[in-house]
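Remarks on the structure that follows.
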Amino acid sequence: MKVLTDFLPIVLHGMLVTVALSLGAMVLATAIGLGGAWARLAGNRAVRLAALAYTVLVRGMPPLVLMLLLYFGGQTAINATADALRLEPLRIEPFTAGIVSIGVIFGAYLTETFRGAYLSIPQGEIEAGIAVGMPPLTLARVVVLPPLMRLALPGYWNIWLTLVKSCALVSVIGLQDAVYAALSIGRSTREPFTFMLVVMVLYLAYTGLADLAFRALGRRLARGTRTAGV
Amino acid sequence: GPVAAQDKTQDKTIVFATEAAYPPFNLLTSDGKIVGFDVDIAMAACEKMKRTCAFVQQDWDGIVAGLQTRRYDAIFSSMGITEERKKQLLFTDPYYRPSAAFVGTSDVKVDFKDPALGGATVGAVPGIYECYVKKAYPKAKLTVYPNSDALYLDLTSGRIDLAFNGMVAITNSFLKSDDGKGFALVGEPVRDAGCLGEGAGVAMRKDDVALKEALDKAFKDMRADGTYKAINDKYFTFDIYE
Amino acid sequence: MIAAQRICKDFGSLSVLRGISLEAANHDVISIIGASGSGKSTFLRCLNLLEMPTSGSLRIGGEDLDLRPGPQGLVAGDRKQVRRIRAMLGMVFQGFNLWSHMNVLDNVMAGPVHVQGRSKAEARESAEHYLQRVGLYEKRDAYPAFMSGGQQQRAAIARALAMEPAAVLFDEPTSALDPELVGEVLKVIRGLAEEGRTMIVVTHEMAFARDVSSKVLFLHKGEVEEAGPPGELFRAPRSERLKAFLTRAAV
Amino acid sequence: MIAAQRICKDFGSLSVLRGISLEAANHDVISIIGASGSGKSTFLRCLNLLEMPTSGSLRIGGEDLDLRPGPQGLVAGDRKQVRRIRAMLGMVFQGFNLWSHMNVLDNVMAGPVHVQGRSKAEARESAEHYLQRVGLYEKRDAYPAFMSGGQQQRAAIARALAMEPAAVLFDEPTSALDPELVGEVLKVIRGLAEEGRTMIVVTHEMAFARDVSSKVLFLHKGEVEEAGPPGELFRAPRSERLKAFLTRAAV
Amino acid sequence: MYAFQVLSDHIPLFLTGLGNTLLLLVLSAVLAFALALPLALVVTRKVRVATPLIEAVSYMFRGTPLIVQVYLLYYGLAQFAFIRGSLLWPWLREAWTCLLIAFTLGSCAYLIQILRGAIEAVPHGEVEAARAIGMSPFQTLRIVVLPNALRRSLPSLENETIFLLHATAIASLVTVIDLLGAGRNFNTIYYFTYEGFAIAGLLYLAIVGFLRLTFALLEKKLLVHLRRAGI
Ligand SMILES: Nc1ncnc2c1ncn2[C@@H]1O[C@H](COP(=O)(O)OP(=O)(O)OP(=O)(O)O)[C@@H](O)[C@H]1O
Ligand SMILES: Nc1ncnc2c1ncn2[C@@H]1O[C@H](COP(=O)(O)OP(=O)(O)OP(=O)(O)O)[C@@H](O)[C@H]1O
Ligand SMILES: [Mg+2]
Ligand SMILES: [Mg+2]
């Protein structure tokens with residue numbers, strides 16, 4: 001018990017890292033996902049292929065590997081350039097790097113989720129927007145996004161949860177999130193399970209809070225729809 | 001001029017990376033500090049070099065990559081020196097030479113002459129320890145664990161009969177803990193330059209010869225003036241350097 | 001106002017439109033009649049480029065549309081122009097296509113607010129006016145999924161009218177309406193034409209085509225089989241197909 | 001065949017049906033007319049319990065339906081009975097409701113194969129027969145999203161008929177059809193009635209109601225305002241509402 | 001490159017990893033789907049006790065890191081003498097069983113949400129049409145709801161399969177050498193920076209490429225009935 005209270009601040013600090021990372025990365029991933037879905041469905045073949053390559057490559061690499069490549073690979077490139085120019089190399093901040101790499105990874109998954117949801121929107125509703133002459137962004141915002149979010153919500157929600165948990169990956173780039181804190185404290189104190197349980201509770205609290213928000217959003221987005229009792 | 005530039009590098013803090021999860025060599029305290037034998041040795045060496053030093057915590061998966069991208073200057077984390085690894089990294093001379101040993105329940109009987117270890121199941125972490133068991137007991141049933149913790153957990157749960165690991169890690173950490181009750185070293189401690197390598201060293205980028213030389217000299221001085229012994233005795237009842 | 005020249009449209013190997021031309025000036029009410037599957041909706045959708053014609057040319061509101069040959073039919077060269085044209089052409093879809101996540105009022109207000117940039121208050125006032133005109137004011141807070149077929153159709157009509165477009169393309173705008181409302185809607189269409197707008201109406205109501213329109217097009221298998229002022233066309237059809245169509249039409 | 005007694009239906013605070021009764025025997029063609037939103041579709045949907053009435057009773061094909069009071073309106077006591085009844089009552093929806101992931105042929109075959117357990121070959125033959133009858137044989141491989149409004153409506157009619165049900169509930173079955181096809185469909189309906197089946201048709205086609213049906217119900221705000229044989233009802237409407245409806249109906 | 005010179009000694013390591021990863025992926029994906037489908041149906045039907053129960057359990061699985069779940073299941077349970085003495089121990093002592101349980105339940109929790117959403121998105125009218133024709137609830141499900149829902153959820157199902165693929169990398173935590181674990185061991189032996197991960201990464205990429213092709217084919221075949229409007 002003493003161990004628990006002593007080490008709790010470190011785990012809590014780790015949780016703070018997890019929360020900040022996950023929120024930042026989700027915003028980025030959503031933006032990438034929307035853009036990616038648009039590109040996947042674009043009329044232009046080159047744009048379509050580029051988006052396809054992005055989703056296959058990024059989803060094809062284990063997130064851990066991708067993070068190592070993006071962070072250390074990116075740093076190597078920066079160092080090489082800086083050396084060539086005889087400058088002091090710019091250091092990528094681990095936190096920024098964490099947000100960017102997790103955002104890029106999950107942007108690829110969201111691309112597919114949003115694409116699938118788009119295909120399920122009744123075609124006529126989009127045509128009606130086109131027919132009144134809405135410019136693309138207005139069309140997207142007013143006509144496409146609300147049903148898109150409704151249809152994408154279950155997948156989006158899942159991806160959010162996976163993303164939150166994937167924040168544990170940032171330990172390879174030198175950030176200490178809640179899981180890493182728990183694992184390393186567990187090994188330092190030789191009480192692995194205590195801290196894992198603490199982490200589970202913290203995660204459940206965090207994701208539970210987010211779940212409430214998602215449920216409210218789901219109810220709001222479902223306005224106007226009739227669901228068939230099967 | 002060149003003199004000023006050298007002064008500048010002399011002023012810069014040397015940053016060491018460690019896993020901080022390998023007691024008693026490196027571990028985390030409740031206020032988030034990184035401590036342990038590695039850290040004490042490092043700090044004493046820095047004093048000898050008249051340099052300021054700091055530690056950062058880094059997950060093992062990215063620890064080499066972080067070094068190569070100059071996130072820190074060296075890895076001070078009980079890294080085993082082997083011929084293979086020397087091809088990638090520059091190592092100091094060993095600052096300690098761990099022997100390895102098997103641990104099991106106090107009553108377990110093992111036939112160490114048998115290449116199958118008499119049918120006993122054995123666990124080890126990858127790298128040097130895995131290498132040794134495979135070489136010495138090619139027919140033994142070997143399970144590979146991601147870290148020492150997992151290894152001991154399965155030893156206590158009875159999934160494996162024996163664990164093969166660094167001697168100090170066994171005696172100073174596992175056997176002293178609650179879980180270690182009823183367990184003991186089995187057989188003789190092992191030293192094997194082929195797999196286990198020359199000992200634990202500090203790893204640096206290939207081109208960082210200056211730092212290697214400074215550290216090597218500091219270790220020698222510490223051995224000579226008793227600093228090393230003082231630290232050694234704080235943790236161990238025997239001389240871990242030999 | 002609208003001039004379409006030799007519009008053709010293929011869906012894969014299926015030729016749905018085979019060179020349809022149409023001229024519509026202000027004040028015109030043009031009815032398009034024809035059998036189910038003869039290409040009426042497709043033609044209407046080609047006029048505002050919801051469907052890209054395979055070939056042909058369009059002139060709308062005095063502008064020649066910039067249509068260029070592409071790999072599969074024409075492509076628009078100037079997207080801004082297309083949007084401008086679409087905002088000028090109101091459209092009432094055969095399947096209504098109301099936005100399911102908006103209530104009726106929002107459906108009607110969306111175009112004026114988001115496309116024409118009118119203020120919310122103003123758009124709301126005009127939306128309520130049009131909803132009243134189609135007898136749907138009481139249902140303004142209802143979502144489309146909870147309305148009857150006729151109510152949805154009236155909402156779709158109000159949505160098109162609220163844009164106050166120079167021309168309106170109606171695709172069977174009275175199919176779900178009771179005869180009483182049919183009369184109302186036809187009155188509205190006539191009124192709009194009198195204001196100087198152009199009305200193009202795909203319809204199965206021969207009475208409407210005869211009484212309200214200034215010109216009737218009879219489509220058959222993707223071609224204009226016969227066209228002319230309704231008086232002539234209904235009294236003395238020349239083509240065999242139209243004759244058959246009109247005789248059998250009487251129950 | 002069908003006897004509905006004082007059917008009421010509320011949606012929340014909105015009373016849509018206020019005690020509607022109807023008797024339909026074999027050979028009967030009963031037309032239901034009325035303004036948009038008067039509750040026609042809702043009443044039809046109550047007959048096969050797609051919508052559970054708030055109160056009332058139903059007797060179909062000689063069976064009293066087991067309806068019990070529940071917290072929100074009636075609930076069915078015997079689910080098997082409900083399914084049996086539904087298989088007896090064909091339905092053509094106002095919005096067609098074709099199954100979007102099946103082509104037309106599969107849409108028409110699904111009922112006979114899966115509900116009636118007929119062999120695929122047999123069901124296919126009969127499906128093709130009905131598709132031919134509504135002039136859709138050529139489109140049998142098309143998916144609903146790629147068909148014209150009238151084609152979808154005909155597919156929906158074929159789907160209902162392929163079950164060869166004892167009674168068919170038609171919700172505006174000709175709304176999307178050209179006059180020629182309207183004639184065809186009405187012929188089909190008349191033919192089915194002659195075979196001894198019961199037809200209930202919600203319609204806006206006064207000509208149809210007058211010429212084909214054996215009885216007409218005029219709904220107004222959820223009540224039967226007037227009912228009777230079409231001759232009487234159209235020649236000498238008694239209620240003011242019906243009078244107004246019929247006068248204004250003429251364009 | 002040095003890494004490729006020494007790689008030949010470790011090909012069996014990578015092959016073992018690849019085999020374990022594929023086996024874990026296929027087994028747990030199939031089991032998870034088979035379990036998720038009925039559970040998703042219960043959730044959509046809003047059954048009184050069962051639905052909240054399923055949702056709560058699924059929330060537990062989705063809300064906590066898989067690595068922690070596996071750790072507790074494999075190492076945690078084994079710490080209790082009564083579990084080691086129980087009838088389940090022969091199963092629980094095997095890392096494979098623990099992994100399959102954790103992956104299956106974890107993935108199942110996600111699949112439930114995906115399937116629930118897809119089922120609820122089936123157009124209301126199509127379900128009514130099935131009912132009106134007299135189909136039983138089960139038939140409605142089999143003939144109308146599921147074909148429609150499963151097709152719509154193809155992209156999400158693909159995502160979930162790939163998530164599961166990457167989740168299998170946890171296996172090496174409990175002594176089963178998976179593909180990523182093989183790469184990690186390779187790195188540890190030589191203190192390589194990326195090489196082991198890169199080799200594993202290429203193999204993962206091949207698996208995902210294959211999955212994408214399969215799903216693209218399925219979409220092409222099964223989604224022809226949806227019409228698309230370009231923005
Ligand atoms: N699910 C529902 N929830 C709430 N209100 C509904 C629902 N369905 C229908 N209504 C309302 O009930 C009334 C009757 O609808 P119904 O569809 O029966 O009309 P109708 O007579 O068929 O009209 P139409 O000729 O336009 O099809 C309408 O005012 C409609 O808005
Ligand atoms: N997207 C499409 N892809 C393939 N064929 C199509 C598509 N849209 C329509 N068609 C076909 O083109 C033909 C003309 O359709 P259209 O909708 O223009 O008919 P219509 O004259 O409006 O008929 P209705 O009176 O039944 O609405 C039909 O045979 C239809 O099946
Ligand atoms: Mg049409
Ligand atoms: Mg209706």
Side-chain angles (χ1 to χ4, degrees), chain A residues 38 41-43 52 55-57 59-66 68-69 72-73 109 112-113 115-120 122-123 126-127 130 136 139-140 144 150-151 153-155 157-159 161-162 165 168 179 182 192-193 196-197 199-200 203-204 206-208 211 225-230, chain E residues 41 44-45 59-60 62-68 71-72 75-76 79 110 113-114 116-124 126-128 137 140-141 145 152-156 158-160 162-163 166 169 180 183 193-194 197-198 200-201 204-209 212 223 226-231:
Chain A
W38 169 81
L41 295 159
L52 177 68
T55 60
V56 173
L57 281 178
R59 294 186 307 159
M61 285 281 166
L64 168 77
V65 175
L66 211 64
L68 282 172
L69 284 180
F72 293 116
Y109 291 91
E112 290 298 305
T113 304
R115 180 179 68 89
Y118 181 85
L119 293 180
S120 284
Q123 149 96 13
I126 298 172
E127 282 192 343
I130 297 174
L139 184 73
V144 176
R150 175 172 64 82
L151 293 163
L153 190 67
W157 195 337
N158 274 352
I159 287 175
L161 288 166
T162 313
K165 294 185 289 178
V179 172
F193 302 113
M196 284 200 177
L197 287 172
V199 163
M200 279 191 86
Y203 264 88
L204 281 177
Y206 179 41
T207 52
D211 263 26
T225 55
R226 283 169 77 167
T227 47
V230 178
Chain E
L41 290 172
T44 52
R45 296 191 73 167
Y59 161 64
M60 294 285 289
R62 293 185 305 145
T64 53
L66 189 61
I67 187 171
V68 176
Y71 214 90
L72 291 178
Y75 296 114
Q79 302 306 304
Y110 286 101
Q113 297 306 314
I114 292 171
R116 178 186 62 83
I119 289 171
E120 284 172 358
V122 173
H124 179 253
E126 295 186 27
V127 180
E128 283 198 333
T140 307
L141 207 66
V145 176
R152 281 165 199 274
S153 50
L154 279 177
S156 281
E158 179 185 340
N159 268 350
E160 183 46 39
I162 297 176
F163 276 138
H166 293 317
L180 192 67
T193 320
Y194 310 111
F197 286 145
Y204 277 107
L205 193 60
I207 301 175
V208 170
R212 177 83 276 270
L223 294 181
L226 297 180
R227 248 176 52 167
R228 285 190 225 168
I231 291 198

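What you see below is based on every heavy atom in this structure, not just the backbone, and it leaves out hydrogens, waters and symmetry mates. From a predicted model like this one, the values you see are computed outputs, not experimental measurements.
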(message) Let's test your reading of the structure: which of A:Arg59, A:Met196, A:Met61 forms the most heavy-atom pairs below 4.5 Å with chain E?
(response) A:Arg59
(message) Measuring only between side-chain heavy atoms, which start at C-beta, is A:Trp38 closer than 4.5 Å to A:Tyr118?
(response) no
(message) As an exercise: rank A:Leu151, A:Thr113, A:Leu197 by heavy-atom pairs under 4.5 Å with chain E and give me the winner.
(response) A:Thr113
(message) Side chains of E:Phe197 and A:Leu69, heavy atoms from C-beta outward: is any pair under 4.5 Å?
(response) no
(request) Could you check which of E:Gly76, E:Ala200, E:Ser156 has the highest count of heavy-atom pairs closer than 4.5 Å to chain A? (result) E:Gly76
(message) Taking side chain as everything from C-beta outward and backbone as N, CA, C, O, which of these in E:Ile207 sits under 4.5 Å from a heavy atom of chain A? Side chain, backbone, both or neither.
(response) neither
(message) Under 4.5 Å from any heavy atom of chain A, what part of E:Glu126 do you find: side chain, backbone, both or neither?
(response) neither
(request) For the pair A:Lys165 (side chain) and E:Thr64 (backbone), establish whether a donor and an acceptor sit closer than 3.5 Å, ignoring hydrogens and angles. (result) yes
(request) Answer whether the closest heavy-atom distance between the side chains of E:Arg212 and A:Glu112 falls below 4.5 Å. (result) yes
(message) Heavy-atom pairs under 4.5 Å with chain E: which of A:Pro122, A:Ala42, A:Pro63, A:Ala117 has the most?
(response) A:Pro63
(message) Given heavy-atom pairs under 4.5 angstrom as the criterion, report whether the side chain, backbone, both or neither of E:Arg62 touches chain A.
(response) both
(request) Would you mind telling me which of A:Leu161, A:Thr207, A:Leu153, A:Asn158 has the largest number of heavy-atom pairs within less than 4.5 Å of chain E? (result) A:Asn158
(request) Evaluate side-chain contact (heavy atoms from CB on, under 4.5 Å) for E:Thr44 paired with E:Glu120, printing each intermediate quantity in order. (result) CA-CA 7 Å; E:Thr44 52; E:Glu120 284 172 358; 4.1 Å; yes
(message) For a quick test of reading the model, state the closest non-hydrogen atom pair linking E:Ile162 to E:Val208 and the distance between them.
(response) CD1-CG1, 3.8 Å
(request) Count the heavy-atom pairs under 4.5 Å between each of E:Asn159, E:Leu223, E:Leu205 and chain A, then report the option with the highest count. (result) E:Asn159
(message) Quick check on the interface: out of A:Pro154, A:Ser120, A:Gly155, who has the most heavy-atom pairs with chain E under 4.5 Å?
(response) A:Ser120
(message) Looking only at heavy atoms and a cut-off of under 4.5 Å, which of A:Phe72, A:Trp157, A:Tyr203 has the most pairs with chain E?
(response) A:Tyr203
(request) Under 4.5 Å heavy-atom distance to chain A, tell me which part of E:Ile114 shows up: side chain, backbone, both or neither. (result) both
(request) Evaluate the ring planes of E:Tyr204 and E:His166, with Trp represented by its six-membered ring, and classify them as parallel (under 30°), tilted (30 to 60°) or perpendicular (over 60°). (result) tilted
(request) Decide yes or no for A:Met200 and E:Leu72: does some side-chain heavy atom of the first lie under 4.5 Å from some side-chain heavy atom of the second? (result) yes
(request) Search all heavy atoms of E:Gly209 against all heavy atoms of A:Val56 and return the closest pair with its distance. (result) CA-CG1, 4.4 Å
(message) Contact between E:Leu141 and E:Ile119 at the side-chain level, heavy atoms closer than 4.5 Å - yes or no?
(response) no
(request) Identify which part of A:Leu66 has an atom lying under 4.5 Å from any heavy atom of chain E, answering side chain, backbone, both or neither. (result) neither
(request) Let me know if A:Val179 has heavy atoms under 4.5 Å from chain E in its side chain, its backbone, both or neither. (result) side chain
(request) Can you tell which part of E:Leu154 gets under 4.5 Å to a heavy atom of chain A, answering side chain, backbone, both or neither? (result) neither
